[in-house]
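The block underneath contains the structure these notes are about, expressed in structure tokens.
The residues of the chain are indexed from 1 along the displayed sequence. Every number for a ligand or one of its atoms is a count from 1 in the order of the listing. Since the model is a prediction, treat every value here as computed from it, not as a measurement.
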Amino acid sequence: MNNPASVADTWWSNGIIYQIYPLTFADGNGDGVGDLQGIIDRLDYLNDGNPDSDTSLHVDALWLSPINASPMVDNGYDVSDYYTICPTFGTCEDFDRLLQAAHDRGVRIIMDLVVNHTSDEHSWFKESATGRDNPKADWYLWQEPAEGGEVPNNWQSYFGGTGWTYCKSRGQFYFHTFNENQPDLNWQNPEVRQAIYDVIRYWLDRGVDGFRLDASSAYSKDPDFRDNPLKYGASDPNRYDNYHHLYNKNLPENHRIIQQMRSILDEYQGDGQSPADGHRLLIGETFIDNRLFDSVTFHGVNDDELHLPLNFEFPLSPWYPGHLQRDIEKQERLTPGWGWPCYFLDNHDLPRHLSRWIKCSLCVDPLAIGKAAAALLLTVRGTPILYYGQELGMVDHEEIPPERIRDRAVVVNEGDAPPPRDGARTPMQWDNSPQAGFSFGKDVEPWLPVNPNYSSLNVEKALADPNSILNFYQQLIRIRQQSSALRRGSWRSLVNYPHEHLVYLRETSAETVLVAINFSYEKPFEVDYPLNRDDWRVLLSTDYESGKVIDLADTLKPFEVSILQKDQPYSMP
Ligand code: NOJ
């Protein structure tokens with residue numbers, strides 16, 4: 001362990017991370033595809049460096065989905081050269097300009113590092129595939145066919161179908177956790193490790209502030225390539241979800257790899273105060289059959305692995321207070337004392353939370369759910385990650401014509417492959433001009449169609465509307481920045497078995513914040529917690545007009561959020 005600052009002092013435990021999907025965030029050159037210049041042009045919206053301005057979100061770091069060279073079968077999650085920027089997005093010099101402009105505003109840049117696999121167009125794979133006798137012959141997971149020319153074992157691809165693809169030039173199969181164009185690297189090979197660690201150093205030297213490790217629990221595989229056991233009762237052997245992924249995921253060696261990566265980052269740690277000065281962050285996509293219990297093991301046993309393992313149980317929870325509270329409690333109990341939780345609701349692989357939750361709850365009012373969800377995400381104990389457009393209340397585009405689908409990696413209708421993910425990746429909605437202000441190109445089509453709701457839902461409009469979800473996010477971010485209890489305080493619920501509301505405290509020795517959220521879309525919530533009215537002030541409430549303080553006999557309207565604060569520890573009156 002080489003952690004100079006305790007977790008409470010780090011920028012990433014105090015801050016907010018914003019995920020950008022570069023293909024659709026902002027198009028700076030008018031070709032219809034998002035790029036680095038587009039991001040630079042929109043930096044003021046994300047953080048203009050002036051804490052008092054109300055046209056900015058004031059986030060602390062940007063996680064960029066992959067921008068390295070790629071044939072784009074999986075839209076960047078298939079890298080063909082780790083040392084260059086994909087020309088679609090710009091050049092290495094553009095990246096340096098982005099880094100500088102972000103750092104000037106105090107904003108960090110986190111790169112997506114996709115090293116479980118490369119693209120099949122990476123020169124490493126091309127060389128490896130030429131035959132069994134070349135310097136990179138052992139850089140990927142090659143196996144002999146089983147009897148009768150069958151696949152070597154029962155490992156499935158997450159994107160559907162078998163995980164093995166035959167390569168004529170070698171007379172062997174190679175394994176791919178994802179699409180056949182994304183061959184998995186052989187992490188047993190020390191040369192592979194060295195090559196990836198060189199990539200890590202290269203970008204750290206260039207000034208990036210950390211990485212989000214893609215598929216970071218899938219690096220190591222069983223050296224004997226044993227079959228995965230089928231789950232009890234499962235009959236279809238061609239479905240990914242029907243297996244316990246005992247031999248191709250989350251093996252002990254995987255933790256050693258992350259430790260090695262972490263120790264490289266630790267070499268770069270400064271005192272963490274300025275972007276140029278270090279404290280680099282390691283986030284990992286620890287998606288192991290969606291189990292938080294496995295995910296938290298990636299903190300390591302001695303603060304020597306990930307700083308922030310991504311927790312998928314929370315975003316996949318249904319919109320019910322009881323479920324959400326259980327997920328938070330689980331996260332609280334499982335996170336080691338020196339560790340730090342991390343929460344998100346949306347990302348580029350999931351349908352957007354408003355689309356998910358409106359479908360499964362009885363409420364059809366995105367404004368109400370959007371604000372309640374925002375309050376939850378920004379007041380639990382942990383680093384929140386926002387996905388672009390979530391702060392507007394963007395929902396999935398559900399009518400993208402088949403010929404415009406860009407998610408070519410998933411093998412539609414085979415096995416249990418997930419459906420294409422384009423609905424949650426449509427262009428950022430900036431204003432109500434053509435193409436939602438995403439691109440100024442007149443005769444080009446945007447990379448994905450703009451969601452038709454852009455004329456009523458866009459940044460320009462939302463900034464001018466005090467009642468917008470965006471305005472509410474801005475206020476939440478502001479109160480979070482001003483309250484050490486909200487940033488760092490402990491978390492404790494005041495309700496044991498929440499049914500239609502959540503009420504919890506964030507506490508430090510000098511300050512208490514109480515968060516109450518009514519999840520019912522029709523019933524008021526009678527607040528039955530004894531609160532001494534004089535002690536509390538309203539930090540934020542969805543009931544703007546009254547600015548009232550909730551009290552024993554008081555009620556929260558459907559979907560109302562109240563966030564109260566006092567300068568003492570909480571004690572029952
Ligand atoms: C996880 C990424 O989030 C997803 O978008 C990608 O398709 C797979 N890993 C493969 O890299």
Side-chain angles (χ1 to χ4, degrees), residues 17 19-25 34 63-80 82 86 110-122 125 140-141 155-161 163 165 174-185 187 196 199 211-219 221 240 245 248-250 254 283-290 295 298 306 308-312 315-316 342 344-352 385 387-388 396 405-412 414-426 447-448:
I17 299 173
Q19 181 191 353
I20 287 181
Y21 197 67
L23 287 161
T24 47
F25 185 68
W63 149 25
L64 308 180
S65 277
I67 51 172
N68 289 128
S70 163
M72 296 281 168
V73 172
D74 195 8
N75 301 321
Y77 285 93
D78 47 329
V79 174
S80 53
Y82 292 102
C86 191
I110 311 294
M111 279 185 98
D112 217 313
L113 189 68
V114 189
V115 291
N116 168 67
H117 47 271
T118 67
S119 156
D120 60 349
E121 291 191 21
H122 197 294
F125 184 75
Y140 292 83
L141 298 169
W155 296 357
Q156 302 294 299
S157 153
Y158 183 73
F159 283 160
T165 291
Y174 64 88
F175 179 68
H176 45 91
T177 300
F178 299 98
N179 183 282
E180 64 181 285
N181 304 100
Q182 295 164 293
D184 281 29
L185 283 162
W187 276 89
I196 299 299
V199 170
F211 300 97
R212 174 267 188 190
L213 302 175
D214 184 72
S216 61
S217 44
Y219 297 158
K221 316 286 186 313
Y240 181 89
H245 296 278
N248 59 353
K249 246 185 178 184
N250 199 20
N254 213 115
I283 308 175
E285 190 197 25
T286 44
F287 187 82
I288 306 140
D289 302 340
N290 178 28
S295 174
F298 280 90
L306 300 174
L308 298 176
L310 293 172
N311 162 16
F312 278 80
L316 296 176
C342 173
F344 65 98
L345 294 174
D346 289 353
N347 74 17
H348 60 292
D349 292 329
L350 304 171
R352 288 180 180 268
I385 303 184
Y387 179 56
Y388 82 98
D396 280 11
I405 288 290
R406 294 284 189 171
D407 190 4
R408 294 182 288 143
V410 298
V411 183
V412 181
E414 219 183 301
D416 61 347
R421 298 159 287 182
D422 300 283
R425 299 174 174 181
T426 56
W447 189 74
L448 274 173

Q: Start with the C-alpha gap between His348 and Tyr77, add the side-chain angles, then the distance that decides, and say whether ring-ring contact (aromatic ring centres under 6.0 Å, His included) holds.
A: CA-CA 11 Å; His348 60 292; Tyr77 285 93; 4.9 Å; yes

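- Checked against Tyr140 for a ring pair (Phe, Tyr, Trp, His ring centres under 6.0 Å), the options Trp187, Phe175, Phe125 give a single hit: Phe125.
- Using modelled atom types, one side-chain atom of Ser157 and one backbone atom of Phe178 make a donor-acceptor pair closer than 3.5 Å.
- Salt bridge Arg421/Asp396: absent, no basic N to carboxylate O contact under 4.0 Å.
- You'll find the side chain of Ile196 reaches within 4.5 Å of the side chain of Leu185, heavy atoms only.
- In this structure, ligand 1 sits under 4.0 Å from heavy atoms belonging to Asp74, Tyr77, His117, Phe159, Phe178, Gln182, Arg212, Asp214, Glu285, His348, Asp349, Arg421, Arg425.
- Between the side chain of Arg212 and the main chain of Ile283, no donor-acceptor pair closer than 3.5 Å is present.
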